[in-house]
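Inspection log for the structure reproduced underneath, given as structure tokens.
Indexing begins at 1, ligand by ligand and atom by atom, following the structure's order.
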Amino acid sequence: MKFIKVKSYEEMSRQAANIISAQVILKPNCVLGLATGSTPIGTYKQLIEWYKKGDIDFSNTLSVNLDEYVGLDSNNDQSYRYFMENNFFKGINIKAQNTYVPCGIAKDLDKECKEYDENIKKLGGIDLQLLGIGIDGHIGFNEPADSFEKNTHIVDLHESTIEANSRFFADIADVPKKAITMGMVSIMQAKRILLIANGKNKEDILNKALFGPITPKIPASILQLHPDITVIYSEA
Ligand code: GLP
């Protein structure tokens, strides 16, 4: 594991964007695993800036997102599809048909989960997976549980996650109770992983996840078993 501690959110974002842009430059048709949340916004901003300067070309790049709320469609400004369009995709030249986000309003959610995994396989797996971390140690929406969930699945969000994510909603009652999330197989089979975390409130869980016992009670702890993971943490 490569652990990089930086002084500011801007530096974390710039270093993360550096790693992602290097991946895209080396393999223009790579599959990027992408994340939502407040942490990666600066990374996406930086990548958009470099794209606009002509330094990166995403025209052959593919992306698969980690997760989506169940019940929110792409026009809902709290959906992760909406987030990705607005914080990243519309600022770069990635082709719409090359971007995959689980569909939270699929009639048959189990089928959606199965097809999401099949599609990742068909694309040849993920080259570089960007991850944030929840305060309970979740990655994607893999919540603390008795065992690690292997495949894309539907999850009941924990109270602490609903509460943490309620800051983006008008009312806590509006936060969906369920989500669809990639499981550990697709994440762990990514060739490389880039985990970013920002702020003192993430320090404790980050320490437990990266240096404590590997347990499904702290889903991110499984990342210790990945052969190529870079963690960038900014305490500011
Ligand atoms: C959500 C997402 C995660 C993300 C987490 C942390 O729950 N499903 O992928 O890592 O939030 O979000 P933030 O970066 O806002 O702290």
Atom 5 (C) of ligand 1: nearest protein contact (heavy atom, Å): His138 NE2, 3.7 Å
Inter-residue atom distance Glu68.CD - Glu112.CD, 0.5 Å rounding: 10.0 Å
Parallel, tilted or perpendicular, as decided by the 30° and 60° cut-offs, for the rings of Tyr233 and Phe3: tilted
Centroid separation Tyr69 to Phe141 less than 6.0 Å: yes
Separation between OG1 of Thr43 and CD1 of Ile19, rounded to the nearest 0.5 Å: 9.5 Å
Protein heavy-atom partner closest to atom 2 (C) of ligand 1 - residue, atom, separation in Å: Tyr80 OH, 3.7 Å
Protein contact of atom 14 (O) of ligand 1 - nearest heavy atom, named by residue and atom, plus distance: Thr39 OG1, 2.4 Å
Distance from atom 16 (O) of ligand 1 to nearest protein heavy atom, with residue and atom: Lys202 NZ, 2.6 Å
Closest protein heavy atom to atom 12 (O) of ligand 1, given as residue, atom name and distance to 0.1 Å: Gly37 CA, 3.9 Å
Shortest protein heavy-atom distance from atom 4 (C) of ligand 1, along with the residue and atom involved: Thr36 O, 3.9 Å
Ring centre gap for Tyr51 and Phe88 strictly below 6.0 Å: no
Audit row: Trp50, Ser21, side chain to side chain contact (heavy atoms under 4.5 Å, CB included) steps and yes/no: CA-CA 9 Å; Trp50 288 337; Ser21 62; 3.9 Å; yes
Close approach of Gly140 to ligand 1, heavy atoms, under 4.0 angstrom: yes
Closest approach of any protein heavy atom to atom 6 (C) of ligand 1, naming residue and atom: Ile133 O, 3.6 Å
Neighbour count >12 (heavy atoms, 6.0 Å) for atom NZ, Lys150: no
Nearest-contact summary for atom 8 (N) of ligand 1 - protein heavy atom, Å: Asp67 OD2, 2.7 Å
Atoms of ligand 1, numbered as shown, that sit under 4.0 Å from any heavy atom of Gly132: 10 (O)
In one Ile/Leu/Val/Met/Phe/Trp/Tyr side-chain cluster, 4.5 Å: Tyr9, Ile20: yes
Ligand 1 atoms in contact with Arg167 (distance to a heavy atom under 4.0 Å): 13 (P), 15 (O), 16 (O)
Contact partition for Ser38 relative to ligand 1, non-hydrogen atoms under 4.0 Å: both
Residue Lys45 excluded, over 12 heavy atoms near NZ under 6.0 Å: no
Contact check: Pro40 vs ligand 1, nitrogen or oxygen atoms, below 3.5 angstrom: no
